[in-house]
Number of protein chains: 2
Amino acid sequence: MHSFTEENYLKAIYHLLVRRQSATTNDIAASLGTKAASVTDMLKKLSDKKLIHYARYQGVTLTTNGESIALGIVRKHRLWECFLVEKLNFKWDEVHDMAEELEHISSAKLIDRLDEFMGCPAYDPHGDPIPNNKGQIINQQLQPALQLSKHQSGIIAGVADHSPAFLQYLEKTQLIIGETITVTDLSDYDISVSLKTTNKEMNISREVAKNILIAI
Amino acid sequence: MHSFTEENYLKAIYHLLVRRQSATTNDIAASLGTKAASVTDMLKKLSDKKLIHYARYQGVTLTTNGESIALGIVRKHRLWECFLVEKLNFKWDEVHDMAEELEHISSAKLIDRLDEFMGCPAYDPHGDPIPNNKGQIINQQLQPALQLSKHQSGIIAGVADHSPAFLQYLEKTQLIIGETITVTDLSDYDISVSLKTTNKEMNISREVAKNILIAI
DNA sequence: TATAAAATTTAGATTAGCCTAAATTTTTAA
DNA sequence: TTAAAAATTTAGGCTAATCTAAATTTTATA
Ligand SMILES: [Mn+2]
Ligand SMILES: [Mn+2]
Ligand SMILES: [Mn+2]
Ligand SMILES: [Mn+2]
């Protein structure tokens, strides 16, 4: 149907629009590891195919069609991650690269069967919502743990940084999806946040607190 | 590591060598749906990479390295077929095209985990042996049902035709892997073979009998 | 064993996706 | 409000994989 490359562009544009409200040539190039000139070439092609709205120098948005393809890729990526973690016992920091390949397996029937096999999960191992087979997706309202005030509690529901290093750190410190945390101290001059979980108390950096997402 | 295209060439060459003891330019072109000129180009490239032994006009064989890559692809293809049939409830005639895509997923760790998850099966849904992670494969000695003599029994262990149409016919008539059949009549002038299974008696054409493989 | 037929290779092009360098447009800030 | 900086596009090229048409080699057969 569409090439892997086209699918990757549409997905990158989708993520940029979700996360930053805009998708520029340089942003797309950075997220795909290509050069801006290559992106411009592809934007013309995607525009010709009516998958994006594109006006020179103005950045892009997805057409209805383009967005539904992007959501299909995101759905596959996240469902395969569920499979890898829950059935094949991979850790949540190990699955992304495999899912980057698996998301391009074309069969819609396969992915719907996988969805069923996994029990139609709503979220992937990183807390990201899984679009259903009509492309509908739950829009989670999450906030960085850093924004919690002193004595406030919340449940960890996602991460803003998906890097293996960060995920491994969270795993090691038991700051995992579903865990309830309570802020015990917030310091202005120091750069750390003190908190307690069900089992223990700990101190995390502002950087970490910024990347842990709490359900509101 | 290697492109999908290179992997497909190596797999095609492997299958031709197994099934016909030789792999010629035209045969490879036919099995990949490309033209002979394209095959010649790729043979040069695979030869430069020391994956095949190639001498102009003489056909090709696989190097140790080339064969081990081919066996890796075959392993992935067959394990994914097992998964699709046993876990996602696909029929044996539906899985081939999906496996053609899944066989190129690169992670060795993924395929070894999948192997484990499936219980390290020795055969795929069509009775074809699955190479282990060292590339070792069981060399089954099978014979076409057509070669059974009158009153002789045997167990269906494979198929020589993997087309959905043939597989559906076998499924419908319950001539499936593991079924014991006994030849009740063989006619010289008529083109059919009469046989009985555990449940019923039936009559199949020579063409069908040729493509049902019996364990010896 | 000499042709004819078949198989294979070479020559020359095309397409998708990528690149660098140069030109153009937009944005920033003096 | 204009010059510098940043972003983007254009121009020109490269590689992998493909093709058609023509040339070459092998094989079959008269
Ligand atoms: Mn991921
Ligand atoms: Mn994820
Ligand atoms: Mn198959
Ligand atoms: Mn099979």
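Order of the sequence lines fixes the chain letters, A, B, ..., with proteins taken first and strands second; residue numbering starts at 1 for each chain. FYI, side chains are in, hydrogens and waters are out, and symmetry mates aren't considered; it's all heavy atoms of this structure.
- In terms of phosphate contacts, A:Tyr54 brings a side-chain nitrogen or oxygen within less than 4.0 Å of OP1 or OP2 of D:dT9.
- Non-hydrogen atoms lying under 4.0 Å from DNA chain C are contributed by B:Thr24, B:Thr25, B:Asn26, all within residues 12-30 of chain B.
- Salt bridge annotation for B:Asp115-B:Arg75: present, with a cationic side-chain nitrogen under 4.0 angstrom from a carboxylate oxygen.
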What are the atom names and distances for every N/O pair under 3.5 Å that joins the protein to nucleotides 25-28 of chain C?
unit_1, atom_1, unit_2, atom_2, d
C:dT25, O4', A:Tyr57, OH, 3.3

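- For the pair A:Lys35 and C:dA21, the criterion of a side-chain N or O lying under 4.0 Å from OP1 or OP2 is not met.
- Put simply, A:Thr40 has no side-chain N or O that comes within less than 4.0 Å of OP1 or OP2 on D:dT8.
- Atom P of nucleotide C:dA16 and atom CE of A:Met42 are separated by 10 Å, given to the nearest angstrom.
- Rounded to whole Å, the distance from NZ on A:Lys44 to P on C:dA16 is 14 Å.
- Distance A:Asp48 CG to C:dA16 P: 11 Å, rounded to the nearest Å.
- Taking the charged nitrogens against the carboxylate oxygens, A:Lys11 and A:Glu6 have no contact shorter than 4.0 Å, which rules out a salt bridge.
- Ranked by how close their nearest DNA chain C nucleotide is to the 5' end, A:Glu6 and B:Ala36 are led by B:Ala36.
- Across C:dC19, D:dT18, D:dA21, the shortest atom-to-atom separation from the side chain of B:Ala37 is found for D:dA21.
- For B:Tyr9 and D:dA16, the OH to C1' distance is 11 Å, given to the nearest whole Å.
- Remark: P of C:dT9 and CG of B:Leu43 are 7 Å apart, rounded to the nearest angstrom.
- Per the geometry, CG belonging to A:Asn8 stands 17 Å off P belonging to C:dA16, to the nearest Å.
- Spacing between atom CD1 of B:Ile52 and atom P of C:dT8 amounts to 13 Å, rounded to whole angstrom units.
- With respect to the salt-bridge test (charged N to carboxylate O, under 4.0 angstrom), the residues A:Lys76 and A:Glu81 do not qualify.
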A:His2 and A:Glu7: CA distance, side-chain angles, deciding distance, side-chain hydrogen bond (donor to acceptor under 3.5 Å, both in side chains) verdict = CA-CA 7 Å; A:His2 303 97; A:Glu7 292 186 344; 5.2 Å; no
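- A:Ser38 comes within contact range of at least one nucleobase, with a heavy-atom separation under 4.0 Å.
- Checking side-chain atoms of A:Arg78 against main-chain N and O of A:Pro129 turns up a donor-acceptor pair under 3.5 Å.
- Ion pairing of B:Lys35 with B:Asp41 is absent here, as no side-chain N (NZ or NE/NH1/NH2) approaches a carboxylate O to less than 4.0 Å.
- Counting non-hydrogen atoms of neighbouring residues, nucleotides and ligands closer than 6.0 angstrom, the NZ atom of A:Lys91 reaches no more than 12 such neighbours.
- In this pair, B:Trp92 and B:His126 present their aromatic rings parallel. The plane angle is below 30°, not in the 30 to 60° band.
- At most 12 non-hydrogen atoms from other residues, nucleotides or ligands lie less than 6.0 angstrom from NZ of B:Lys50.
- Here the P atom of nucleotide C:dT8 and the CG atom of B:Asp41 are 15 Å apart, to the nearest Å.
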